[in-house]
Amino acid sequence: GAVPPSNIGELDMLNFLQLQVNYFTGTIPETVGDLKRLQIAEFTYNDLTGAVPESVCRNQEIFHTLHRLTADCRGNPPPVECNCCTNCKRI
């Protein structure tokens, strides 16, 4: 199935978003970038495609709270594109 609903960004007190090894499909919702307190976000070992939303990368630069961002961004081509991941895993 898909990553949890697009209203996930309404969980404004969320610090940890660990969605690894769930076989999620689709893309990472843009609203994950609304999670200003997010410290850890893990999306590895799923069937996600597309790119980590730029809003997530901007928050990492602005708020400096996101210490670990991990996605399946290794491979040729990578399943997930990520310009700001702290760690890339291979599926």
Side-chain angles (χ1 to χ4, degrees):
V3 174
S6 59
N7 64 350
I8 194 169
E10 295 174 14
L11 302 171
D12 58 352
M13 299 300 284
L14 191 68
N15 292 313
F16 306 102
L17 182 61
Q18 296 179 294
L19 302 177
Q20 67 270 32
V21 195
N22 283 292
Y23 304 102
F24 286 128
T25 59
T27 60
I28 298 169
E30 183 73 32
T31 56
V32 171
D34 295 338
L35 302 171
K36 307 287 191 260
R37 296 176 187 255
L38 197 60
Q39 296 175 29
I40 294 174
E42 300 213 10
F43 299 100
T44 54
Y45 303 105
N46 287 295
D47 293 321
L48 297 171
T49 57
V52 171
E54 283 299 315
S55 59
V56 175
C57 295
R58 275 194 306 276
N59 284 346
Q60 187 179 33
E61 294 171 7
I62 295 169
F63 298 107
H64 305 288
T65 55
L66 186 57
H67 302 292
R68 184 169 58 206
L69 173 60
T70 307
D72 294 323
C73 47
R74 286 203 179 176
N76 191 14
V80 176
E81 295 177 34
C82 185
N83 297 327
C84 61
C85 283
T86 59
N87 192 3
C88 288
K89 301 277 185 179
R90 187 182 308 257
I91 297 180

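This structure is a prediction, so every number in the text was calculated from the model and none was measured.
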Problem set entry | Separation of SG atoms, Cys57 and Cys84, below 2.5 Å | yes
Exercise. Going by heavy atoms in the side chains, are Asp72 and Leu48 under 4.5 Å from each other?
Worked result: no
Exercise. With a 4.5 Å heavy-atom cut-off, do Phe43 and Val80 have their side chains touching?
Worked result: no
Exercise. When rounded to the nearest 0.5 angstrom, what is the spacing between CZ in Phe63 and CZ in Arg58?
Worked result: 10.5 Å
For this session: Would you name the heavy atoms of Pro29 and Val3 that are closest together and state the gap between them?
Result: CD-CG1, 3.6 Å
Seminar exercise, completed: Residues Thr65 and Lys36: closest non-hydrogen pair is OG1-O, 3.1 Å
Exercise. Just how far is it from atom OG1 of Thr49 to atom CD of Glu81, taken to the nearest 0.5 Å?
Worked result: 10.0 Å
Seminar exercise, completed: Tightest non-hydrogen contact, residues Leu69 and Cys82, listed as CD2-SG, 4.2 Å
For this session: Show your working on side chain to side chain contact (heavy atoms under 4.5 Å, CB included) between Gln60 and Leu38 and close with a plain yes or no.
Result: CA-CA 9 Å; Gln60 187 179 33; Leu38 197 60; over 6 Å; no
Exercise. Could you give the distance from CG (Leu14) to CG (Asp34), rounded to the nearest 0.5 Å?
Worked result: 12.0 Å
Exercise. Under 2.5 Å between the SG atoms of Cys88 and Cys85?
Worked result: no
Exercise. Is there side-chain contact between Val32 and Ile8, with heavy atoms separated by less than 4.5 Å?
Worked result: yes
Problem set entry | Nearest-0.5 Å distance, CG of residue Leu19 to OG1 of residue Thr70 | 11.5 Å
For this session: Would you indicate whether the side-chain heavy atoms of Lys89 and Glu42 approach each other to under 4.5 Å?
Result: no
Exercise. Under a 4.5 Å cut-off applied to non-hydrogen side-chain atoms, are Pro53 and Ile28 in contact?
Worked result: yes
Exercise. Shortest non-hydrogen contact from His67 to His64?
Worked result: CE1-O, 3.6 Å
Problem set entry | Atom pair CZ/CG of Arg37 and Asp12 - distance to nearest 0.5 Å | 7.0 Å
Exercise. From Asn83 CG over to Glu54 CD, what is the distance, rounded to the nearest 0.5 angstrom?
Worked result: 5.5 Å
Exercise. Are Val52 and Phe24 connected in the hydrophobic side-chain network, where two residues link if heavy atoms are under 4.5 Å apart?
Worked result: yes
Exercise. Does some side-chain heavy atom of Leu66 sit less than 4.5 Å from a side-chain heavy atom of Asn59?
Worked result: no
